[in-house]
There are 2 protein chains.
Amino acid sequence: MEIKKLEVQKSEVHNSEVHNSEAQKSEVHSSLLYLDYCATTPIRPEVAQAIARTIEQIYGNPSSLHQAGRAAKKTLEAARETFAQLLTAKPSEILFTASGTEANNLAILGALKHPDLVGCHVITTVIEHPAVKNAFRELESRGHSVTYLPVNEQGVVQVEDFVDALRPDTRFVSVMMANNETGALQPVNEIAQICRSRGIVMHSDAVQAFGKVPIFVNDLPVDLLSLSAHKVYGPKGVGILYVKRRTKLFPVLFGGGQEKGLRSGTENVALVHGAAAAARMAVEEMGQEMERLKSLRDELQKRILDTVENVRITCPTVPVLPHVLHLTVADVLGETVLLELDRESICVSAGSACSSGSAEPSPVLQAMNVPDRFIHGSLRISLGKDTTQKDLDRFVDTFAGVVAQLRNMLPSSFPQIPTGV
Amino acid sequence: MEIKKLEVQKSEVHNSEVHNSEAQKSEVHSSLLYLDYCATTPIRPEVAQAIARTIEQIYGNPSSLHQAGRAAKKTLEAARETFAQLLTAKPSEILFTASGTEANNLAILGALKHPDLVGCHVITTVIEHPAVKNAFRELESRGHSVTYLPVNEQGVVQVEDFVDALRPDTRFVSVMMANNETGALQPVNEIAQICRSRGIVMHSDAVQAFGKVPIFVNDLPVDLLSLSAHKVYGPKGVGILYVKRRTKLFPVLFGGGQEKGLRSGTENVALVHGAAAAARMAVEEMGQEMERLKSLRDELQKRILDTVENVRITCPTVPVLPHVLHLTVADVLGETVLLELDRESICVSAGSACSSGSAEPSPVLQAMNVPDRFIHGSLRISLGKDTTQKDLDRFVDTFAGVVAQLRNMLPSSFPQIPTGV
């Protein structure tokens, strides 16, 4: 992938005194190899253009009654219709928020504000994104009893564990569609079916899965489903919440009563318009593009295993998002690998973007009982629409060099990296 | 003002079967006269371009450790620095949210989550924007005792009333800087000084006032201050909350811990960048531009009073935002006037955009005891950077015609419009 756009910023960020010695090297690989599409995606140029046009032309407040307002309202409702179509939902079942985080918060905290659900038992998993996990921590502080389902050693929730956790007073369940670190797909459909049969409200965080695997609510008995635009080449700043009709939801932000009273605040018309355009393209191209990425991912995995010793694939035999390769490398720190790759202008993640900077091993990997020797060497490589075959060569060569170099720096007797480093 | 951009949408909204008969008329005034700058503003072309550039180039997730992430983080922090400078605050005192509504909610609900403030007495006013008023309703439901300060007949809170409302357990106060319907400025400085001397946390919603009157926190003893970008020719989707250091604030949305743990969700880098650019320009141009708008506004007021009988200026002798003219027209419905003006491609508001569509008189006007004959005929005309002298002619002529026509349709004995019509 050759993203030239970032070069201006690169030269600012990599300022001269730090990287003078790299001047020659950087001529070889001056372009950025972005392999962190799970953290966020570059926006599609067509989407950026659609936003630029809309943000200037459709400037009215959708709450205004005059034509400037009505034009804005019309644009907003067209975007709602698009998301409804893509999910096989009704437009009235689509709410816009400002992020996947806000969509998750509204779904969880908003549903549990129902007076009948005060203090009820709720179920989620140990591997949820912080936007879900921390909303459940808030539920705990509000008096709910929460069960956090474990995962197996490939990071997958087991339906039997879910069934065992059910109690007569279980009224709300949230299980993510695909994990944001490992990419492992979760048995949402099975769990949702059980929830529906028992009248339990079911939410799923589909932020990572949307646009990568088919998601149709006419086929998936969830009541609430969260999406985010910036994971599918859309803008940051738009979350989408599907709310099945008759689901009882209460606002968590209060104000002018926009979005059927459930999400107050002047609607972000231009970005929502761009989000819908991006989502449509992602879904339309999904079949072909995900096949292409899966094939690249599988090849990358094979070549890494062939080239670098003591690398452990995190989810080797379970269904994983087609564009994600999560692995752990023995005897190195994932964050150090990340930073060394970054010096070669390759962007990956050591965990999720949201937990960057933490020295603790990821709770997701801890929950999977990844062996001590590997757990600190976590790396998430996520491919995207600009990733090409050629990028695999560059990545594998650089990665092999970085790992060899780091391992050479270790004492030969290095047993394992102490916890908390 | 000649905004040609909206013409494409206009033709879609005003579809042919409804407005065929207006074909000839529309040739005369085919361009839109937008006089609803309090509802929202058209984005500055330079700001739109800055956003378009940034949204493509700076696509990283600011939480990512690699250079794409760092470039995004750097852009975000530069915007934070800009807002800090404009308000004479420190960058660490600036938080970004997705709207003025969210900034208000975070300030109010976030401050009152402090364990020491459980059930305390809080004070606000009867004329707050719904984003504040409804947050206080939520506080009531959480066991707080709330005093809603009245206003005088020009819509201004009286400091004596505030002092009388103070109780030993008063711990939080929120008074808006300028009202969103009438534009009347409120005695925030005096009230804030009293709060500071008593250790009471003080918030002010400055969404309408920012960029129109000077706001410098080194001169204004508030602890929390909310702004919004789309009222100053910036994008929709960015709110700004000033949080004076040492103010105890707790999150209302939970997740990855962005914005110092106070506002989770991937940061909207491009829009925040554009918001800062717009805010800087608004503040830099403020002195000259507000003088120009005040002079136009005063002339518009005079010409309306000279031309149309039985028009009542809502705040004739108190300080009002320089670009706002709020008036009430006897014996007509404001919303009908709005819609008739809209047929002539003139955009104004009958109240605030956020309460559009409601048949009840505005609570703000009710609180001011506007006489019955006038209270339903409310109109907010708000001028902006594209408003010219020529626009006044067009507005006054059209407005006079619309009012005359509507009054002619009334029975001559029409005493007053019944409440709730």
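From a predicted model like this one, the values you see are computed outputs, not experimental measurements. Per chain, numbering begins at 1; letters A, B, ... match sequence-line order.
For A:T97, no part lies under 4.5 angstrom from a heavy atom of chain B. For A:L253, the parts lying under 4.5 angstrom from a heavy atom of chain B are both the backbone and the side chain. For A:N105, the part lying under 4.5 angstrom from a heavy atom of chain B is the side chain only. Residue contact with chain A, scored on non-hydrogen atoms closer than 4.5 Å, involves the backbone of B:T41 exclusively. Heavy atoms of A:R53 lying under 4.5 Å from chain B are absent altogether. No part of B:K73 comes within reach of chain A, as not one of its non-hydrogen atoms sits under 4.5 angstrom from that chain. Contacts between A:V272 and chain B at a heavy-atom distance below 4.5 Å are absent for every atom of the residue. If you measure heavy-atom distances from A:I55 to chain B, the contacts under 4.5 Å come from both the backbone and the side chain. With a 4.5 Å cut-off on non-hydrogen atoms, B:V132 does not touch chain A at all. Heavy-atom distances place the side chain of A:L109, and not its backbone, under 4.5 Å from chain B.
Between the CG atom of A:L339 and the CD atom of A:E344 there is a distance of 12.5 Å, given to the nearest 0.5 Å.
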Stepwise salt bridge (Lys or Arg N to Asp or Glu O under 4.0 Å) check, A:K113 with B:E138
CA-CA 12 Å; A:K113 282 184 97 177; B:E138 177 70 13; 3.3 Å; yes
Output, in order, the C-alpha distance, side-chain angles, deciding distance and verdict of salt bridge (Lys or Arg N to Asp or Glu O under 4.0 Å) for A:K74 and A:E77.
CA-CA 5 Å; A:K74 189 174 169 180; A:E77 296 312 315; over 6 Å; no
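Of the residues considered (A:V47, A:I51, A:N134), A:N134 shows the highest number of contacts with chain B, using heavy-atom pairs under 4.5 Å. If you tally non-hydrogen atom pairs under 4.5 Å between each of B:S99, B:S264, B:A52 and chain A, the highest count goes to B:S264. Contacts with chain B were tallied for A:A270, A:A98, A:G265; A:G265 has the most, counting heavy-atom pairs under 4.5 Å. When each of B:R44, B:K236, B:Q49 is checked for heavy-atom pairs under 4.5 Å with chain A, B:K236 comes out on top.
Legend: residues meeting ring-ring contact (aromatic ring centres under 6.0 Å, His included) with B:F254, ordered by chain and number and at least two apart, are absent.
Put simply, the side chain of B:K231 never gets that close to the backbone of B:Y37: no donor and acceptor are under 3.5 Å apart.
Side-chain N/O atoms of B:N104 and B:S226 include a donor and acceptor closer than 3.5 Å. Residues B:T75 and B:H273 bring no donor and acceptor atom of their side chains to less than 3.5 Å of each other. Counted by atom type alone, A:D342 and B:Q67 present one or more donor-acceptor pairs between their side chains at under 3.5 Å.
Side-chain contact check for A:R137 versus A:V146: every heavy-atom pair is 4.5 Å or farther apart.
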